[in-house]
Amino acid sequence: MTYPGLAALRADWRLLVFGFLMAFASSPGQTYFISLFSQHFRDEFGLSHASFGMLYSVATLVSGFLLIWAGGLIDRIDLRLFAAVVLFGLGLAATAASSAVGPLTLGIAIFLLRFFGQGLASHISVTATARYADPAVRGKAVSLATLGFPAGEALWPVMAIAAVVAFGWRQTYGGAAVLVVVLIMPLALLLLASHGRRHAALLERTSATGSADETRQWTRGEVARDPLFRRVLIAVMAPSFIVTGILFHQVHLAETKGWDLAAFALGYVGYAICQVGTALVAGPVIDRFGARWTARFYLVPLGVGLLVLAVFDPIWSGYLFLMSAGATAGVSSTLLGTLWAELYGVRHLGAVRALVTACSVVASALSPASLGVLLNLGVPIEALPLGCAVYVAVGVAILVRQFSGGSPPIAPVVEP
């Protein structure tokens, strides 16, 4: 038995590896990586849970708003140049983190990490793969490329914890900068050596679709005014808000529940395994049944994991939460790379995904400070996942209501 569409995927394997590599490279700017250093940051610069959460949220919020503009540049700038600038910027951000001397420089470093890492590196991975892959296997292509996210989640935290113990936290972030700039960036550019032909083929394909397909190519402004988009956005922002908030305070969570942090970090392997498994399943499912049908179910595992985390204290509840979050993340990474293309076309996909990603970044920016304030007010850590589970239930209800019929959005009216 072979993976469906294997021949089409093999024809442009360099695109898939590039997408994988960019997803993997985003790790130094992801919450699960930065939060491993939260105790060091707080101790070094005298920050409380709330103050560090606020600093992190402001830096992330600014990066999210800037991403609305910067993410759209991928529609207009050569992918090779765009990727090189982003990876160099990510290396610069990691260097800034390793040399921070106070809250201000730390805030700048976190802004750069979130902007170039979580924001643009992730954006490139999904947008480039969804845009240039054969439409018949777009779901599978995105699911394979985004395996770089779970690979990073499985490897970077374990390596970081070991490096911090052996060398210190500053040297660890400096090592991440070297890895990104010296190893990952040249490999990414090598994989894009023949990108000019790929882009020319895309232009030929889209220009040959004819006027019948023009109404599907929504602009970002038209998408932002679509009521369906605004409702669905409330639901798809749930994982960014919830998982970022919970994992940002994972050190406090582990201390409260009596877990060893290094033992809890091993749970990211389970997160990654579940993310890989659901991502591989999600690609063929989306190609067969569509992204809208799949969207109705993808938040359910996260909701289950949150309920378990709220009710039980043994470390297996933390592992189950990470596995459940990984299952939702695996579907999400593929789903959100294809849903917007399915609903609104690929011509302005970079700008549309930049808007969605910026909204998710804003959601992830609000959660650390919000949960940090609640913790400082004495709200039990167990109450936080319970409240987040309610949010997930609302999100599932929205998606089921919007996509039960599977109908596309109403095409925008173009003024004469």
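This one's a predicted model, so the numbers in the text were calculated from it and none came from an experiment.
Partners of F312 by ring-ring contact (aromatic ring centres under 6.0 Å, His included), not counting sequence neighbours, listed by chain and number: W316. Every residue two or more places apart in sequence or in another chain that forms a ring-ring contact (aromatic ring centres under 6.0 Å, His included) with F24 is listed here: W156. A160 is linked by a side chain to side chain contact (heavy atoms under 4.5 Å, CB included) to F33, L36, F37, T172, counting only residues two or more places apart in sequence or in another chain. Considering only residues two or more places apart in sequence or on other chains, Y268 meets the side chain to side chain donor-acceptor pair (under 3.5 Å) condition with Q250. Evaluation of the side chain to side chain donor-acceptor pair (under 3.5 Å) rule for T31 yields Y56, R114 as partners, not counting sequence neighbours. For L233, the side chain to side chain contact (heavy atoms under 4.5 Å, CB included) partners at least two apart in sequence or on another chain are F229, V236, M237, V356, C359.
Going from atom CG of L371 over to atom CD1 of I246 covers 6.0 Å, rounded to the nearest 0.5 Å. Here F403 contributes atom CZ and F297 contributes atom CZ; the two are 12.0 Å apart, rounded to the nearest 0.5 Å. Interatomic distance, L192 CG to L81 CG, rounded to the nearest 0.5 Å: 11.5 Å. Between atom CG of residue L335 and atom OG of residue S143 there is a gap of 11.5 Å, rounded to the nearest 0.5 Å. Taking CZ of R230 as the reference point, atom CD1 of I398 lies at 13.0 Å (rounded to 0.5 Å). Taken to the nearest 0.5 Å, the OG atom of S367 stands 7.5 Å off from the NE2 atom of H249.
In terms of heavy-atom proximity, A151 sits nearest to F20 at CB-CZ, 3.7 Å. Nearest heavy-atom pair, G350 versus D75, reported as atom, atom and distance to 0.1 Å: N-OD1, 3.0 Å. Counting all heavy atoms, side chain and backbone alike, L399 lies closest to A295 at CD1-O, 3.2 Å. The two residues G330 and T278 make their nearest non-hydrogen contact at CA-OG1, 3.3 Å. Of all heavy-atom pairs spanning V164 and W169, the tightest one is CG2-CA, 4.0 Å. Here the closest heavy-atom approach between residue V181 and residue L87 is recorded as CG2-O, 4.2 Å.
For an aromatic pair to be called close, the ring centres must be under 6.0 Å apart, and Y132 with H195 satisfies this.
Partner of F111 under the side-chain contact (heavy atoms from CB on, under 4.5 Å) criterion, out of V58, L66, T60, L106: L66 alone. Between M22 and the options I124, T127, L120, a side-chain contact (heavy atoms from CB on, under 4.5 Å) holds for only I124.
Counting non-hydrogen atoms of other residues, nucleotides and ligands closer than 6.0 Å to CZ of F88 gives a total of 12 or fewer. Heavy-atom contacts from other residues, nucleotides or ligands closer than 6.0 Å to CE of M323 number 12 or fewer. Atom CE of M54 is surrounded by 12 or fewer heavy atoms from other residues, nucleotides or ligands within 6.0 Å.
In this structure a side-chain-to-backbone donor-acceptor pair under 3.5 Å is missing from H348 to R220. Distance alone, capped at 3.5 Å, places no donor-acceptor pair between the S317 side chain and the L309 backbone. Remark: the backbone N or O of T95 is paired with a side-chain donor or acceptor of S98 at under 3.5 angstrom. T338 places a side-chain N or O within 3.5 Å of a backbone atom of T334 that can act as its donor or acceptor partner. With hydrogens and angles ignored, the 3.5 Å screen pairs no side-chain donor or acceptor of S332 with any backbone N or O of T328. No donor-acceptor distance shorter than 3.5 angstrom exists from the side chain of R138 to the backbone of A133, with no hydrogens or angles considered. A donor-acceptor distance shorter than 3.5 angstrom exists from the side chain of S125 to the backbone of G19, with no hydrogens or angles considered. Using a distance-only test at 3.5 Å, with no hydrogens or angles considered, a donor-acceptor pair links the side chain of T294 to the main chain of G290. Listed for the E342 side chain is a donor-acceptor partner under 3.5 Å among the backbone atoms of A291.
In this structure the side chain of L187 never reaches within 4.5 angstrom of the side chain of F18, judged on heavy atoms. A 4.5 Å side-chain heavy-atom check between R296 and V396 finds every atom pair outside the cut-off. Using a 4.5 Å heavy-atom cutoff, the side chains of T129 and L144 are not in contact. The shortest distance between side-chain heavy atoms of H123 and I74 falls below 4.5 Å. At least one side-chain heavy atom of R353 sits less than 4.5 Å from a side-chain heavy atom of V126. Between E382 and K257 there is a side-chain heavy-atom pair separated by less than 4.5 Å. Side-chain contact check for V276 versus P150: some heavy-atom pair is nearer than 4.5 Å. Side-chain atoms of F321 and L253, non-hydrogen and from C-beta on, never get closer than 4.5 Å to each other.
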Would R292 and L343 count as a side chain to side chain contact (heavy atoms under 4.5 Å, CB included) if you check the C-alpha gap in whole Å, the side-chain angles of each, and the deciding distance to 0.1 Å?
CA-CA 9 Å; R292 284 165 288 183; L343 291 174; 3.5 Å; yes
Given the rule in the side chain to side chain contact (heavy atoms under 4.5 Å, CB included) test, do V379 and V373 qualify, once you have shown the distances and angles that lead to the verdict?
CA-CA 9 Å; V379 175; V373 169; over 6 Å; no
Go through the steps to decide whether F65 and F115 satisfy the test ring pair (Phe, Tyr, Trp, His ring centres under 6.0 Å), and finish with yes or no.
CA-CA 10 Å; F65 284 122; F115 179 64; over 10 Å; no
F116 and S63: CA distance, side-chain angles, deciding distance, side chain to side chain contact (heavy atoms under 4.5 Å, CB included) verdict:
CA-CA 9 Å; F116 287 110; S63 75; over 6 Å; no
Please walk me through it: do L306 and L386 pass side chain to side chain contact (heavy atoms under 4.5 Å, CB included)?
CA-CA 6 Å; L306 287 165; L386 188 61; over 6 Å; no
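For S48 and S51, the side-chain atoms include at least one donor-acceptor pair closer than 3.5 Å. Residues S27 and Y32 bring a donor and an acceptor atom of their side chains to less than 3.5 Å of each other.
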